[in-house]
Structures are given as structure tokens and as C-alpha cells.
Engineer: 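Structure below; questions to follow.
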Amino acid sequence: MTADKEKRRAISREAARRRRRVESDVFGDLSRLLPLQPSVRAHLDKPSVIRLTLSYIRMHTVLKENDGINAGSRHMITYQQAVEGGDEQSGCDGAQDEEEKDTEEFEASQETNMYLGILEGFVMVLSTEGDMIFLSDNVSKYMGLTQTELMGHNIFEYTHPCDHEEIRSNLRLTAEEVWYGEKRDFVMRIKSALTHRGRTANLKSATWKVLHCQGRAKVCVDPSAVSCLLLTCRPLPLSHTLLSRYTFTSQHSMDMRFTYCDQRVTSLLGYRPEELLGRSIYDLCHALDTSCLNKNHLNLCLKNQSVSGQYRMLVKGGGYVWVESHSAVIPSVRPSRSRPGIPQPLCILSVTYVLSGVEQPSLQLSLDQTIHRYLN
Amino acid sequence: MFYDQVHFCCISDDVLVEEEQSTSVSLPSLMTPPSAAGMSLSVELTRKRKGSVDNQYVWDCLSDGEDQHVKVKCFREPHSQIEKRRRDKMNNLIDKLSAMIPTCNPMSRKLDKLTVLRMAVQHLKSLKGSASSFSEANYKPSFLPDEELKHLVLKAADGFLFVVGCDRGKIVFVSESVTKILNYSRAELIGQSLFDYIHPKDMGKVKEQLSASELYPRERLIDAKTGLQVQADLPIGAARLCSGARRSFFCRMKYNKISIKVEEKESQGNVSKKKESQKYCTVHCTGYMRSWPTSQLGAEGEGEVDKQESSHFSCLVAVGRVHNHSSPQVNGEVRVKPTEFITRYAMDGKFTFVDQRATTILGYLPQELLGTSCYEYFHQDDLPHLADRHRKVLRSKEKIETNCYKFKTKYGSFVTLQSQWFSFVNPWTKELEYIVSTNTVISYDPSRAGRSGNKSEQSSNPKASEDCKKSPPIIPGISSTPGTMIYAGSIGTQIANELLDFNRTNSSPSSGNVSPFSLPQDKSPQIHNQISNSVPNGETSDMEIPGKSSSESEPQGAAFSGGETLMGENSQLDLESVVGPGLNSLSSDEAAMAVIWSLLETDTNLGEAVDFEEMHWSL
């Protein structure tokens, strides 16, 4: 190797070093413009800085569309209050002082916290390609990963492969939705880095959590704007607090026939538990709700947990009530290396909330309801 | 053997472990036990997006009696590959960034990394300038100002937040979004009693939901995974609320009819058909009970300070969402229009469910139809083609359209209907639960229903005498020995029996644990694959109908045009369509169970195995 070549090598190495320094500086500038805690900022790697910058810009675009609507509704309220003489709302009259603004922000955060508390979940904004543009910061409580770790990544990296098809079909936006803001309601399995005891573990030892996602598609026609899904995501709880009167629990075989039902069903639906054993839930639901229960059943078969949405259960002798069921699959015995054996039967455990009173009690819709009437 | 860029997942008992590094580990051979009982299934799912990919999965699902899991680790990845992936990822991110920055976009040539980054810095600076307060000293810096997050959340939820005191139902707080939903302003509602806005008949129920837990002291926690009670009954203490105790209920809420409209969302409210002028919509309220310190509520809550209590008072914190009575589904939605009604048939054609709309159309109350065979109401001339459809639907997964046919109403006249039938099967057992029929009214007017059978329509002659007038139609498969009367009801039974006999002779013995993935057993050589679209109106390919033709000059064309688009679709979500093509290739029950087990294995919180028999339920 000649001295000339050596020299050229040294120059190019030096140039490369300079380039990297400049680049690092720019990355530093960028990260300082992001709304991050200093401790978080210090640990960000370069791809993450870009990820979060992208999220920031995208969210800004998403919200830009909202501003028109929000400002409009705020004006509406002010007008109405002026008419009615009410004056509790500080309103959007432009002359807000800092204190009022602070109060508003504070109240907004209170409201959001209340809502997220009821929801028992977090907010997710998904691009049509599945990038998690935004996640509310309580996501760490449910997934063990922080907002900054997750934002900007793609949902397909974190969800169960068998659910990808379903997620994709939910991400697809069709022409009609531009006008109707189509709703979304689906269940998917997502990685969680939380251990059983609630501590954060490494993503490499993640477990699956079943997430119920509800929300709407937001379609932006403006090409520079971002079409996305606005979702609230709730991990389906594995334990339920029961209010004695309006809920009952039941167990089913995997084909959704009752194998057990607790006594409270009698005061709610009229059936004695024994009368339900062996009966299929599909017999006991209103015909219009067959597809709802079908979807619920499929989610149970595939993802082991599900929430049914609202459907109607027929009451003994006539009428129906609106209910919502939260269910999970329980394997009774799991074979393992130490305990080999054939898999034991699975069963489904359901907690059903009764939401309405008995509607149209004299109306008999099913054959079963007429039989019971004669037998009574 | 070495594999480049392939990652294997280790499936151990509780945990999904992913290895991304390029450690090379010796590979035990992938076990493929050739026994009939086991099948090794390797489903490789690679998700490649533009640019590089972080995670690729290969699932190794094994099923054999000994329940072995193969731990696999076998590849060595050259360092250059890792570097390449990193570079690709970075380039991908830079591309995305430049797409989002307005100043980068018009550039025709691709910009270099540094320039894009510099422009990003400028762009952020400009955004921050115009945005509302962001990372102020007092507040934790967040990606979204709270105000925006709040709007986002409520937009996603399409509901309104409210907090009501438990003792008197005073509305302490309600979110702005209530205006969109109930058309009342916040100011109108705050401080009022919730009960002023609830339908009289629902007041008792809402009172019960709001009442503190002293009335219902036995709150229990049941672990959904084990079915066992995990917490003893809570002590009855008036002061002690089970915070976190969820409430979920419907109630009808008043809905302001004043004409200031915000959006068309109001049209979603379900309007009750009461005679009173007040309109209500059904609201689904979900939330929890809580003790809320008044001090935190700021301007909104000042009305509620109760001097006797401390600064705490108990309340319900909930979200109200308008409930639409037809639950929308992504697939398989059943849309029912006013001239439609839904019925369910057992396999033999007997009514097991009749939608109440049927009464206005057919004259019968549901209980008059339930338990009777649909064939008793079909016009005689339609029996052959309907019997044919009945056969088809029992052997097909698809929606089957009928032609137009006449259905006898309570008063002896006929209405013309057209129906769409499909067999609803249990997703797990794949057995038929019932046939669901969506029936559309084509024409009410019997005189327009066609020329044939005019006389019989008007009269209420019993079926027997009708049969005497014409020679009985020949329905293939239905025994019609000379001299036998065909009673309509028996048609359905015979068709059902046909299927049962066929299944009995053809199917393999099934065990208790029926596979959810076994193919439907309709290996029938019959014409079930020919959907009725190909059948010309009023005739079927192997029918002989003596005497008059059954083809009416009815508007059958109209009926068909609606039906065609639905042809060929699976009428019901099933496991294959949801999970995707990978599982379709499975052909054995054991393999199916294997997949299910592998899915279950990776679940969280499976915890200790619970013996099913030992579960006890204390009440």
C-alpha cells in the first residue's frame, strides 16, 4: 500500500467522522424539538428519533383536520349559552388569559383520565399501513412498553400472525367511509411485556394479550393529510367484578352449549339453571343477533377471549333482554412435558351483563318460548 | 443447515420467545413424526414491508402424543446482512420523513439523509410555533396536548362522559360531546338531576345502578381464567364503596328537539314510539363507581359540595353511547328493511323463530307459526322449487335464493315473498343449528300475484280439497305413491331425513371432541354447487310439473337482480375464512387440534392448570 493511498484513506476516514458528527448534531437538534422527558430523550437511538418525529408530524396533520370541527362546536356552545343566559363555560372568545387556558388544559386532562379509566385501556391512532402513529402514554400500563418505545412502529410487528388478516381488513378504507366515518370493532392479540405480576419484562419474553379495539376510521381527502383509524383499545380483563343483581356467570362447552349457569339467571331471564344445560346459545338469541354471536364464538375459538357487543337473549315465556357477554376459554388440563397426555376438553366461561329490562314480555318469538308457556 | 434471515420462535410453556440475533446454534432436525397421529406443521409467515423487516416469524406447531416442542435455532447471519437491514430501515424511515415534510415533497430528486433531517428540524420548529401550548413548564411534555387527546378519545368513542352523584343523581360533570348526542348544552345539564332526563320507566333501574353497594354487599371477583372466586365477599360498610365496581346498563335519555343542529349524529338516536312528544334515545352507559373529591372538579363541580359529607362524595363515572338496535358487523351483516322479516327454521322446515315484523305482513302472531312447517303455507305450485332450495341449503355453505313464491296469510290470501336462506352452522362442531331465512315482501296484492291458482287463493279450502282439484306435483325424492296424499308438512321432514340418512352412511364416526376444521360433509353428488342463479325462473332442471306451469308472470326479475350480488358468498364467517389460507390446507383433525393447542400455548395467564371437575361455585 503506497503512502498516497494511506493518505487518501485517512482523509476519507476523517471526512466520514465529520459527517457522522454533523449527523449526530442534527439528530440531537431534532430530538430536542420533540416533547420528551429529558431522561427518555437521552436514550433514544437514531431510528427512534425519526420514528417519533414522524409521529409528531403525522399527529399534527391528523389534528389539523379536527381543529375546524372543534372550534365550530365550541362556538356553538357559546352561542347557545348566550341565548340561555348560562355562563359557566369560558368559551372560545379569544381573550382567554393564561389561567383560563391552564384550567382548560387541566380539565381536559382530567376528563381524558376519567375516560381512559372507564375504558381501562389506551388510545391508538393507526395509519392505513398499520403504523402506530400515536399511543396515549398509559399504554405502558397495559403493554409494558412505553409510548416512545412503540410510537411509529408498525402494528404487525406486535400482533399475532393469525390476526393480521383481520387487522388488514379493518385498516382498509372504502369510499363510503369518507362520508360515514365507519365504525370499527374487533379483537386482536398483541404482545405484552408485562409479567403476571405486572412487572415489565423484556420484549423477548413477551406474552399475548387479547385487545378489544373500538373506534372509527377517519378519512382525509387532502393528499397531504393522513387517513387513519382512531381506536380505543382495551385488554379484555381476565377477572370481573360482578354487581350481584344484573350479571350472571355461565360455562359452556366449546360449541356454546350451556354446561353450567349460576342461579341469578332465573331472576333475569326466567330460566332455571337446569333448564339451560345442554342448550345452545344460538337457540336463545334473537335471530338478528346470530352473526354477532357467531363472531364472538369465532374470536373465542381463535383468540381465547372475546366480548360480544350487545345482543338479545330470549326470556322464558316471551320477550327478550339486551345483554353483553365477556367470555374466555379455559383449558382444563394442559399437557406438558412433565405431564403428557391428550388435551382435555376446553370450556368457555362467560360473564353476562344484562343491560335492559325485559322488552315486549308478551311477545313470543321462538318455539321454545311457546313450549314453556304451555308447560307452566 | 443454515438459513439466512430466518428467525425461529421457541414455543415453550408460557412464553413466546423471539430470537433476533445471529447466534448460530446447532440444529436438531426438525421432527416430522410420520405417525398418523401427528403432523408437523410449519407455517411461515413473513411480513415484508417496504424496506427491511424487524421480525419474521416461523411457527412450529407440533402435535403428537408426547407433546414435544421443538426448540429451533438454526441460522447464522452474516454481519453484512445485519448491516444491510439496518441501513434499509434507516433509509425507509428517511423516505417516510421526507414524504411528510412539505418542503421536501416538491423536490424531484431524492434528497440526501442530512438534508432531509435538517428540513425536518425546520419543519418541527415551524409546527411548534403555531401549535397550542406544548411542554410548558407546569405540564409533563406530551405528544398531544390534553385538549386534543380528549377530543381524539371522545371522537373514537362517539360518546359523552358524565359524572353523577349517587345520592341525588346530580349531574356533576358532562363532556362537551353530549351536545352532539343529546343536543343539550353542558350548561343545561350540569347541576341538574339526571333523573329529569331519564325515561320514567327506567328511573327505578337507574336508581338501583347508582345506589351504593350497601344494598348489594356481595361483590365478588371471579377470575375468568380459572372460574374460581378470587376474593372473599366484601364487608358491608356504607362508607366503603367497591371502587372499580363496573356498571353497565341501558336507559332511555331525553333528547332535545330544538332545531340547533350540530351534526347528523342525532339521527342515530333510537326514537321510542311513545305517544308523548318527548323523544328519547337509548343510551348504553358503562362506567364505575368512585369517590370523587370535589376539589378536583374545578368550575363544573361547585354545585355539589355537600356540607355534611367530607370533601368526598360517591358518584358514577360513566360514558354514554347511543345504542343502535342493529349491531353493525364488519361481515355478515343482516340488514332488515321494513318490508323484511326474519325467520328461523329447524332442519325439517318447522318455524323455530319468527320476527315480530312478520305479523303485519302475514297476519299471524309468531306463536301461531312456531312449531308448524313452512310447507303448510307455501302455495302448492311453489312446493317443488322450494323443496329443491331446501335441499340445497342443507348441503351448502352459501346463501340460497328462492324464486318468488306465495305464502298463505292468516286470512287465506297470499303474499308474494322472496327469501334468502342459509344454513347457520355452529363454528365449533360444524353442525347445523338452524336455517336462517331473510324474507322480503315482493307484493302484497293477491290479485297481482299471478294468474295461476286464482281460485284457490280466494278460498280457504283445506289443502286436501286443493289437492283433489289438481294432480299432486311431483317432487323428486318425496315419496308419492299413487293414492297417497302429500301432506305439506311431511315434505320438510322427508328432506331433513334424507340428509340425516346420507350423513349417517357417509360420515366417519365422530368423537366427542369434534374437530372444528373438518370439511363439511356434503359430498353429495347433487346439484348443490349449482346456485339457483343458473336456474331459469320457475323451473328446475329435473322437475316435472304436470298440468299448469308454476311460472308466474311475476316480477321475478326484480327479485333476482337483488339476489345475484349475494350469490357465491359465504353466508357466515367460519374459521377458515377468518384465519386465512394457511389453515385451509389442513386435512386432519389432529392437525387442527395441533394448531389450536399451539395458539393456546402462547397465551398469557394460563397459569396453573385447573381441573375442570374441581371448580366449585360458591354462591
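Residue numbering restarts at 1 for every chain, and letters A, B, ... go by the order of the sequence lines.
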Engineer: In terms of heavy-atom pairs under 4.5 Å, which option from B:V354, B:I94, B:L365 contacts chain A the most?
Structural biologist: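 Most pairs with chain A among the choices: B:V354.
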Engineer: Could you measure the distance from the CD atom of A:Q263 to the OG1 atom of A:T249? Nearest 0.5 Å is fine.
Structural biologist: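 A:Q263 CD to A:T249 OG1: 10.5 Å, rounded to 0.5 Å.
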Engineer: Any idea which of A:L116, A:L363, A:L54 has the most non-hydrogen atom pairs under 4.5 angstrom with chain B?
Structural biologist: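 Ranked by heavy-atom pairs under 4.5 Å with chain B, first place is A:L54.
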Engineer: Before accepting this row, confirm whether a basic side-chain N of the pair A:R51/A:D131 lies closer than 4.0 Å to the acidic partner's carboxylate O.
Structural biologist: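 Salt bridge absent between A:R51 and A:D131.
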Engineer: Find the one option among A:S280, A:G152, A:G309, A:S350 whose heavy-atom pairs under 4.5 Å with chain B are most numerous.
Structural biologist: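 Result: the option with the highest number of such pairs is A:S280.
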Engineer: What closest approach, in Å, do A:D283 and A:L314 show between heavy atoms, and which atom pair accounts for it?
Structural biologist: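 A:D283 and A:L314 have their closest heavy atoms at O-CD1, 4.0 Å.
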Engineer: Find the one option among B:D202, B:L161, B:T343 whose heavy-atom pairs under 4.5 Å with chain A are most numerous.
Structural biologist: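 Between B:D202, B:L161, B:T343, the count favours B:L161.
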Engineer: Chain A: which of B:T286, B:L114, B:V121 shares the most heavy-atom pairs with it under 4.5 Å?
Structural biologist: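 The option with the most such pairs is B:V121.
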Engineer: Just checking, any donor-acceptor pair under 3.5 angstrom between side chains of A:D368 and A:S366?
Structural biologist: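 The criterion, which ignores hydrogens and geometry beyond distance, is not satisfied for A:S366 and A:D368.
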Engineer: Looking at B:K205, B:H284, B:R118, which one has more heavy-atom pairs under 4.5 Å with chain A than the rest?
Structural biologist: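 Highest number of heavy-atom pairs under 4.5 Å: B:H284.
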Engineer: NE2/A:H160 to CZ/A:R189 distance, rounded to the nearest 0.5 angstrom?
Structural biologist: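 So the NE2 of A:H160 and the CZ of A:R189 are separated by 4.0 Å.
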Engineer: Select one option (side chain, backbone, both, neither) describing which atoms of B:Q356 are under 4.5 Å from chain A's heavy atoms.
Structural biologist: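 The answer is both parts of B:Q356.
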Engineer: Heavy-atom distances under 4.5 Å only: say whether A:V354 touches chain B with side chain, backbone, both or neither.
Structural biologist: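 It is the backbone, since no side chain atom gets that close.
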Engineer: Given heavy-atom pairs under 4.5 angstrom as the criterion, report whether the side chain, backbone, both or neither of A:S356 touches chain B.
Structural biologist: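 Both backbone and side chain.
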Engineer: Does any heavy atom of chain B fall under 4.5 Å from the side chain of A:L52, the backbone, both, or neither of them?
Structural biologist: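 For A:L52, the contact with chain B is made by backbone and side chain together.
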Engineer: Between B:H123, B:K113, B:R344, which residue shows the highest count of heavy-atom pairs closer than 4.5 Å to chain A?
Structural biologist: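 Option with the top pair count is B:R344.
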Engineer: Taking all atoms of both residues into account, what is the closest heavy-atom pair of A:F156 and A:E129, and its distance?
Structural biologist: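 It is CE1-O, 3.8 Å.
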Engineer: Under 4.5 Å heavy-atom distance to chain B, tell me which part of A:L365 shows up: side chain, backbone, both or neither.
Structural biologist: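 Looking at A:L365, backbone and side chain both touch chain B.
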Engineer: Without hydrogens or angle criteria, can the side chains of A:S327 and A:Q305 be said to hold a donor-acceptor pair below 3.5 Å?
Structural biologist: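 No pair is found: no donor N or O on one side chain lies under 3.5 Å from an acceptor on the other.
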Engineer: Check whether A:S136 reaches the backbone of A:V123 with its side chain - one donor and one acceptor, N or O, closer than 3.5 Å.
Structural biologist: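 A pair under 3.5 Å: yes.
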Engineer: Can you tell me which portion of A:F186 sits under 4.5 Å from chain B's heavy atoms? Options are side chain, backbone, both or neither.
Structural biologist: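 Neither the backbone nor the side chain of A:F186 comes within 4.5 Å of chain B.
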Engineer: Flag the one option from A:M151, A:Q214, A:Q360, A:M256 with the top tally of heavy-atom pairs under 4.5 Å to chain B.
Structural biologist: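 Highest number of heavy-atom pairs under 4.5 Å: A:M151.
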Engineer: When rounded to the nearest 0.5 angstrom, what is the spacing between NZ in B:K96 and CD1 in A:I57?
Structural biologist: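 Rounded to the nearest 0.5 Å, the NZ-CD1 separation comes out at 13.0 Å.
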